[in-house]
Structures are given as C-alpha cells and as structure tokens.
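The structure displayed is predicted, hence computed values, not measured ones. Naming convention: chains lettered A, B, ... in sequence-line order (proteins, then strands); numbering from 1 in each chain.
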Amino acid sequence: MDDFQPSRRLFLVSGVAAGGGLLIGFGASRTEAQAAAAQMTDYVAVAPDGTVTIRAKNPEVGQGVKTMLPMLIAEEMDADWTKVRIESAPVNESVYGNQTAGGSTTTPTNYDPMRRVGAVVRSMFVQAAAEQLKVNGAALTTAKGVVTHKASGKTLAYGQLAAAAAKITPPDPKVMVLKDPSEFTIIGKTQAGYDSPKIVEGKPIFGIDTVVPGMKYAVLAKPPVYGAKFRSANLDAIKNLPGVTHVFTLSGSGDFKGLQDGVAIVADKWWYAKSARDQLEVVWDETLGAPHDTATYAAQAEALLKGSGETIRSKGDVKAALAGAAKTVEAVYDTPFIAHVALEPQNCTAKVAGDTVEIWAPTQAPGSGRKLVAKALGIAEDKITVHMVRGGGGFGRRLENDYMVEAAAIAQKAGVPVKLLWTREDDVAYDFFRPGNSHRLQAGLDTDGKLIAYRAHGVTYGRGGKPTQGAGIIPHDFPQQVAPNFGLEQSLIETLIPTGYLRAPSSNALGFVHECFLDEVAHAAGKDPFDFRLELIAARQALPPETPNGRAPGYNFNRIKAVLDDLKVRSGWGKTELPKGVGMGMATYFSHRGYFAEVAKVKVDSDGNWRVLKVWAVGDVGSVIINPSGARNQVEGSVMDGIGEMLHEITFEKGRAVQTNFHEIPMIRMSAAPQVEVHFILSDNPPTGLGEPALPPVIPAVCNAIFAATGIRIRKLPLLPETLVAAKA
Amino acid sequence: MKLTINGKVLDRDLPEDMPLLWALRDEFDLPGTKFGCGVAQCGACTVHVDGAPVRACITPIGSLDGAKITTIEAIAQTPQGKALQKAWLEIDVMQCGYCQAGQIMSAAALLKDTPKPTDADIDAAMDGNLCRCATYQRIRAAIKSAAGMAVADTREV
C-alpha cells in the first residue's frame with residue numbers, strides 16, 4: 001500500500017494539445033468542442049463549452065470510485081458538477097501512481113492527492129483570469145466553473161479561460177491550500193453513479209461488451225486441476241466444426257500466475273467457440289491432484305489442531321494464564337473454501353500486432369496484469385497498452401490477471417484480435433478460492449469474568465511452508481490487545497488449490513471465528529456481549545496503545561467504543577421484546593482501517609430455515625463520507641454479501657472443485673435479503689475505504705443471533721438448515 | 001432465421017439451436033442483455049418474449065418463430081420500463097451494474113401484470129435475478145417507486 005502523492009511531474013504535460021491519448025476508451029463520445037479541450041493536467045481537460053473531462057485513475061468494479069475520485073478533483077477546482085464528464089484514466093502508474101482497486105485503499109491513498117490536483121487546476125484558472133482582467137488573483141473567487149472578480153462584477157467561465165490556463169506552469173500541489181470541509185459543495189453530497197444512465201439502458205460499457213475491428217471470439221479449456229498437464233485432445237475434429245477458425249494448445253509457463261496448459265478454440269462468434277468446446281475431449285495428467293480432497297484436508301486439520309502451531313504473536317504467558325484461570329472456554333471453528341463468482345465472467349480482449357499489444361480488461365490490477373503479459377509474451381511493458389474497462393463485480397477475483405495473459409497469448413498465436421470469454425463453469429473451476437481454515441480457541445476468565453487469556457491456533461493452507469495468497473492467519477486486534485496474555489499459532493496444510501483474496505481477505509473468515517467465540521466467552525462470563533466488550537475497552541483505554549499489526553494507523557479503542565455505544569442504542573439492544581424463534585446478535589471487527597459493529601435480528605423456524613430480518617450497521621471511516629448514497633450502498637451490499645457467504649462452500653475431489661455453477665453455489669437472493677440500516681459516525685480521522693470493512697462483522701452477528709434464538713452455537717460454515725435441525729435433536 | 005426484436009424483423013442465417021442471448025449479443029449488436037451463468041440460474045440475460053420474462057441463455061432462437069422479443073435496449077418504450085429506469089437512477093440502485101438490465105426486465109414484466117406488487121410479489125418475481133453486489137434493498141425500493149407506491153419494506157422485521 002504505497003501512499004501516492006502527485007508530484008510536479010504530473011502537471012508538466014499541460015498544454016493545449018488535447019488529442020494524443022487524452023480520451024482513450026471505447027464508447028467515449030466526444031463533441032467537437034470537447035475534442036478541442038485544453039488539457040490542464042493528466043487528470044483534467046476543459047473544453048471551450050465548459051465541459052470538464054476528469055479522469056478516474058483506478059478501476060471501477062462497482063465500488064464507485066469512477067464517480068468518487070473525480071468528485072475530489074471537481075470539489076477543489078470548483079467545477080460545475082453538471083458539466084463534468086468522467087473517463088477511466090489510461091493505465092500508466094508512473095503518472096497516476098498505483099492503479100489497483102483492492103484493499104479498500106482508493107479512498108485513503110487518494111483523498112488528499114486528488115484534492116490537490118483539483119486545487120492546482122483551480123489556481124491555473126485564477127491566474128489566467130487575473131492576467132486577462134489585470135487584477136490580483138487574491139481578488140478573485142471561483143464557484144461552479146466560473147471565476148468572479150467581485151469588485152468589478154466581471155466573470156470568466158472556465159471554458160473561456162481554458163486555452164490560456166493550460167499554458168500556465170502548474171504550481172506545486174504540495175503547497176496548495178485545500179478547502180475546509182465546511183466549504184464542500186460536492187464532497188459529502190450524494191452524486192449518482194456516473195455510468196448509471198448507461199447501465200439502465202443496456203449500453204455497452206463492460207469488459208464483455210468490448211468489440212474491436214476484425215475480432216474473433218475465444219474459449220480456453222484449462223485443466224480442472226491446477227497445474228495439471230496436457231496429454232492429448234481431439235483437436236482435428238474440433239477444427240472442422242462450424243465457425244471455428246483456430247484450435248491450438250497453450251503450454252504452461254510453470255509460473256503460478258502465468259499461463260497454464262490449455263486448449264484454445266477461436267471462432268467467428270463466441271457461441272461457435274463454446275459449442276466446439278462442448279465436443280472437445282482432452283486428456284489431462286491430473287495425478288498431482290490426487291491427495292487434494294476436502295475430506296483429507298479436514299482430517300489433516302483435526303490432527304494439526306491437537307498439537308501446537310508456529311507462534312505468530314505472543315504476549316504474557318498464555319498457557320500459564322489459562323491453567324490458572326477461574327473459568328476457561330474452548331471451541332473449534334471451521335470455515336470452508338468459497339468462490340468469488342463475480343457476475344460478469346472473466347474476459348479480456350487483446351490485439352497483438354508485431355511487438356505491440358493492446359488490451360481491454362475488466363481488471364482490478366491493470367498494472368500487474370501488464371507485467372504478466374510482458375513476461376508471457378516476451379514483449380516490453382512499454383509496448384503494451386492496457387485499457388481499464390468497467391468490471392461486472394470484482395470482489396478480489398480481478399486482482400488476478402490470468403484471463404489477461406491468456407487473451408494476449410491466444411491473440412498472439414492466432415494472429416487476430418480476440419475476445420476471450422470464460423464460461424461460469426470456468427470461473428468457478430479456475431477461481432483463486434477464498435481458503436478455508438480451522439481454529440482451536442481458548443479463553444480464560446478471572447473470578448470477575450474478565451478476559452485474562454486468549455489463545456488461538458489456526459490451521460490454514462500453504463505452499464512450500466508459507467501461507468498461500470489470502471490464507472495467512474492474522475490477529476483480531478480486539479482480543480489481542482485487551483487480553484493481558486495472548487497467543488496466536490498457525491499451522492499449514494500443503495495445498496495445490498490456488499487461493500486468493502476475497503473481499504475483506506482473512507477478515508471475512510476470522511471475523512466469524514473470533515467474534516462468535518467472544519460471544520461464547522461473554523456468555524461464559526455471565527455478561528451481555530455489548531457490556532463484556534465495553535468493559536474490556538474501558539480497561540484498555542487506560543493503557544498505552546500497542547504496536548499495531550502492521551496496519552496503519554492501528555486499533556483505536558475510542559473509535560470502536562463510539563461505534564458500539566451508538567449501535568447499542570440504535571438497534572434497541574436489550575430493549576426489544578422478541579418472539580420465540582427470533583434472536584439478536586452483535587459483533588464488531590476492524591479491518592481495512594474501518595471500524596464497524598453490527599447487530600443482526602434473525603428468525604429460525606422449526607425446520608432450521610433461518611432468515612435475517614434486519615441488520616443495523618454502524619461504522620467509523622473518518623471525518624467525511626465522500627459520496628453518501630454510494631457509501632451506504634457499499635455497506636448494504638457488504639452486509640448482504642457476508643450473509644451470502646454463509647450459504648455455500650467449494651469442496652475438492654482429487655484437486656478438482658466439485659461445484660460448477662449457481663445451481664450448486666447458493667447465493668443471497670431478493671427474498672432472503674434483509675433490511676439494512678446504515679449509520680456512519682464522523683470522527684476526526686482521515687477518510688478511509690468502504691469496499692470491505694462492513695463485511696466481517698455481519699457473519700458472526702448473524703450466528704450470535706441464531707444462538708440467541710435457538711441456543712445453538714454455529715461453529716462451522718456454511719450454515720445449512722439441517723445443521724440447525726441436527727443440533728436441536 | 002427471422003426474429004422480431006424490439007419491433008424490427010431481423011433475418012439472418014443462424015443455427016436454430018443458438019441461444020437467443022448469443023444472437024442478441026454477437027449477431028444483432030444488442031449487448032445490453034448479459035451473460036452470467038448459461039443455465040438460467042442468475043437472470044442476467046432476462047428478456048421479454050411476448051411480454052413474459054425469459055432467460056435468453058437457454059432459449060434457442062429456433063423456438064422464437066413469430067414471437068415478439070423485447071430487450072433492455074427497447075424497454076424504455078414501455079411505460080413500466082421507463083418508470084423503472086427513472087426509479088433505478090433516483091434511488092441510485094447500481095453498484096457494478098452488470099445484473100441490472102436483467103433486474104429491470106424482470107421488474108418490468110412484474111409491473112405489467114401486477115401494477116401494485118406486494119413484497120411477496122416482488123420476492124417471487126425477482127428471486128431468479130442474482131445481484132452479486134446485493135443491491136436488493138434498493139431494487140425493491142425502486143420497483144415500488146416505479147409503481148407509485150411507498151418504498152418501505154413491509155416484510156416482518
């Protein structure tokens with residue numbers, strides 16, 4: 001997570017030439033006036049008619065940054081938001097800094113720098129106006145795209161000034177004085193999603209909609225076991241099928257994120273390629289997958305949990321404290337592998353001409369994708385142009401760029417531009433899965449019911465002795481910092497299943513594990529789960545802060561206390577008469593710099609069917625909510641996404657994923673979607689992101705509510721009705 | 001193969017077993033209808049065939065002789081479609097937006113038959129449409145808003 005500061009370098013390209021690569025991106029429609037726009041910086045061009053084109057530097061996958069980032073620029077440049085048009089920036093990390101969409105980092109790393117971009121542009125307009133009006137710049141004000149000289153009543157619109165302003169040497173962004181938040185007219189006010197009007201009309205704006213001249217369509221059959229080898233296939237029969245133009249094999253690079261062995265089928269239209277693939281018979285050598293079964297993994301986890309693991313963190317003497325505790329609580333928790341299943345299947349369009357490559361990719365990480373393509377094709381990075389195209393959901397899956405490398409390799413070998421499109425079955429089979437894990441948890445209480453010891457041993461997955469992507473066991477700050485004696489251990493099961501980052505990686509599983517267990521501990525202490533936590537926080541607030549777990553700015557007990565206090569009142573906790581079969585549960589989790597706590601109200605019937613009726617979510621993500629409707633949407637979606645994650649698991653047989661499509665992967669749907677009430681607490685802290693932190697608390701809040709409703713502890717996911725029925729019996 | 005799509009008769013030599021989804025997207029330049037699963041489990045490909053919601057990914061074009069097909073590109077020409085698009089924007093439903101064409105098509109069919117739907121009607125009509133971003137709360141509100149109803153969720157809480 002490198003903090004990004006715009007340097008003067010960003011502004012050296014200013015000038016009136018607007019053509020060269022300014023308005024890249026398919027589907028962009030430009031009027032003649034816009035084509036004559038003066039490029040103020042790498043981010044902003046202003047046309048004579050006053051249209052302001054602002055580039056959003058990070059990929060849009062539904063998290064709203066394509067609207068949010070330009071709001072930051074427009075605010076400080078005093079643009080007229082109704083005249084702003086937005087484009088995705090070209091992928092060029094030497095100019096735009098990190099262009100990845102991940103880790104809820106876009107807001108914290110760009111809030112200040114993008115405002116400075118806007119302030120620089122504003123100052124250029126002010127200087128141009130001062131020169132034209134022959135007055136001092138200090139006598140000028142700006143608002144809604146107009147510079148005003150109050151003394152004379154003269155005004156100049158940005159469109160009139162653009163050509164002159166673009167010739168001005170941009171000032172150093174670091175010395176810009178930014179607005180006081182009380183002066184905001186765009187930030188903090190809901191701005192509708194910029195692409196939304198196109199979405200409701202079905203306009204082609206997603207990766208899958210990309211069309212380039214001369215393009216063919218491709219499918220790629222890869223081995224169902226990661227890393228398995230191609231042996232043979234009926235390629236000759238496939239070549240003669242209708243519409244098929246090319247059939248060939250790709251050879252695996254042996255590199256985890258590079259090419260795998262595969263059979264590519266290229267056709268005039270996608271349906272012909274897919275139909276041909278249905279008749280493809282490939283023999284893969286899958287022997288390496290043999291030991292990798294869900295049942296085998298479960299047995300390994302059970303055995304490992306009987307012993308100790310490698311110590312990741314320790315404080316005090318946790319074993320002695322547990323031995324001397326007045327009361328101890330112990331439990332084992334399990335989470336499964338799950339799939340990302342973003343709704344737009346993975347796809348990418350690529351054109352290779354000699355040593356130049358052009359790529360249109362719905363990706364969360366275009367910069368790292370370009371590196372992989374360069375390596376796989378043996379073409380220099382600066383010869384590869386990557387266009388960021390809107391992605392139909394990301395959830396972390398599009399941090400991987402396997403489809404980008406594949407599209408480029410197929411286009412290179414076929415000698416024609418291709419759009420590679422995976423099937424849903426491909427998307428499941430070739431996922432970088434959210435890894436499952438198993439945990440043994442122990443807590444010790446003193447005679448007052450105070451937490452004095454907390455020990456956790458997590459079994460997760462590794463390769464070559466190191467946790468795989470998204471599989472590392474990290475501490476949950478709350479018990480780590482409040483318990484005077486703490487121990488965290490990790491054991492690894494060797495896997496070949498590719499794992500990766502799913503929205504709120506690690507936290508999406510660890511929130512369930514630790515916050516459900518803490519609910520057990522609170523009950524063992526004879527305390528209300530809110531009061532149990534608030535008492536521990538009060539005691540902890542009196543002590544100096546501990547070194548955070550490498551996650552700036554660390555865990556702030558004042559912030560989580562304010563969130564819990566508010567949530568308790570807002571949800572009517574302890575003050576609501578609940579009918580039989582209905583329970584309320586709470587949980588809190590800190591991740592991705594966001595402080596969230598949530599209460600779920602859940603109804604369980606006699607057949608074990610459970611439905612979340614309502615969720616109250618309270619969060620603190622800093623001093624300002626940049627785009628309120630979009631922000632609430634992220635929280636509502638995170639809450640429902642978390643509930644959806646409780647419904648499915650991916651299991652493996654001999655290294656192959658068993659489930660294939662949505663009939664085997666239950667998702668949350670309309671009838672199961674609860675009401676979600678969202679509230680933000682504004683604190684005196686820099687604004688942080690909302691793609692992830694609201695997700696981890698909801699899963700334990702729901703499970704704790706089920707305990708309140710039924711007396712049944714949920715220690716294993718997915719949560720199936722039969723589990724509840726069996727537990728009752 | 002003659003197909004009547006959005007009021008136009010389109011004639012093209014295509015195999016009868018080609019799913020309507022791929023004819024729309026790749027043959028007729030109507031990419032608003034989306035591919036999500038290919039097995040009628042997600043609803044991203046929902047279109048209207050003679051006014052009824054149909055999953056285009058499993059509907060062979062050979063079965064559509066004489067049928068009137070409407071896609072998201074033309075749904076604004078119906079009063080329900082126009083009202084839904086407006087409500088979708090006013091309520092700021094979208095996150096990634098990929099499923100929303102299918103959601104609007106299912107909702108338009110619902111409102112045509114049931115101009116004032118209950119929450120149970122909405123659940124029944126919309127359960128076949130996945131929203132992976134889970135904007136369900138806003139979709140429900142937008143449907144009610146388009147129907148001129150109070151947007152509050154009246155289900156048990």
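When side chains are defined from C-beta on, B:Y98 counts as touching A:P345, because their heavy atoms get closer than 4.5 Å. Under the 4.5 Å side-chain criterion, counting only non-hydrogen atoms from C-beta, A:N633 is in contact with B:R138. Taking the side chain as every heavy atom from C-beta outward, A:W271 and B:P19 approach each other to under 4.5 Å. For the pair A:V200 and B:M94, the minimum side-chain heavy-atom distance is below 4.5 Å.
Near-neighbour residues of residues 52-86 of chain B relative to chain A, defined by a heavy atom under 4.5 Å from a heavy atom of that chain, comprise B:I72, B:E73, B:Q85. Taking 4.5 Å as the heavy-atom cut-off, the residues of residues 144-157 of chain B that approach chain A are B:D153, B:R155, B:E156, B:V157, ordered by number. Residues of residues 30-44 of chain B lying under 4.5 angstrom from chain A, judged on non-hydrogen atoms, are B:P31, B:G32, B:K34, B:F35, B:G36, B:C37, B:V39, B:Q41, B:C42, B:A44 by number.
When the side chain to side chain contact (heavy atoms under 4.5 Å, CB included) test is applied to A:E664, the partners found at least two apart in sequence or on another chain are A:Q659, A:T660.
Between the B:R25 side chain and the A:I208 main chain, a donor and an acceptor come within less than 3.5 Å of each other. B:Y136 contributes a side-chain N or O that, together with a main-chain N or O of A:I668, makes up a donor-acceptor pair within less than 3.5 Å. Checked by atom type and distance alone, the side chain of A:R390 pairs as donor or acceptor with a backbone atom of B:C96 at under 3.5 Å.
Contacts of A:V612 with chain B are absent, with no heavy-atom separation under 4.5 Å from either backbone or side chain. Neither the backbone nor the side chain of A:I643 comes within less than 4.5 Å of any heavy atom of chain B. Contacts of B:L21 with chain A are absent, with no heavy-atom separation under 4.5 Å from either backbone or side chain.
Your options are B:D92, B:N129, B:I122, and the one with the most heavy-atom pairs under 4.5 Å with chain A is B:D92. In terms of non-hydrogen atom pairs under 4.5 Å with chain A, the most contact-rich of B:M18, B:E90, B:Q137 is B:Q137.
Checked for salt-bridge contact, A:R669 and B:D123 miss the test: no charged N lies under 4.0 Å from a carboxylate O.
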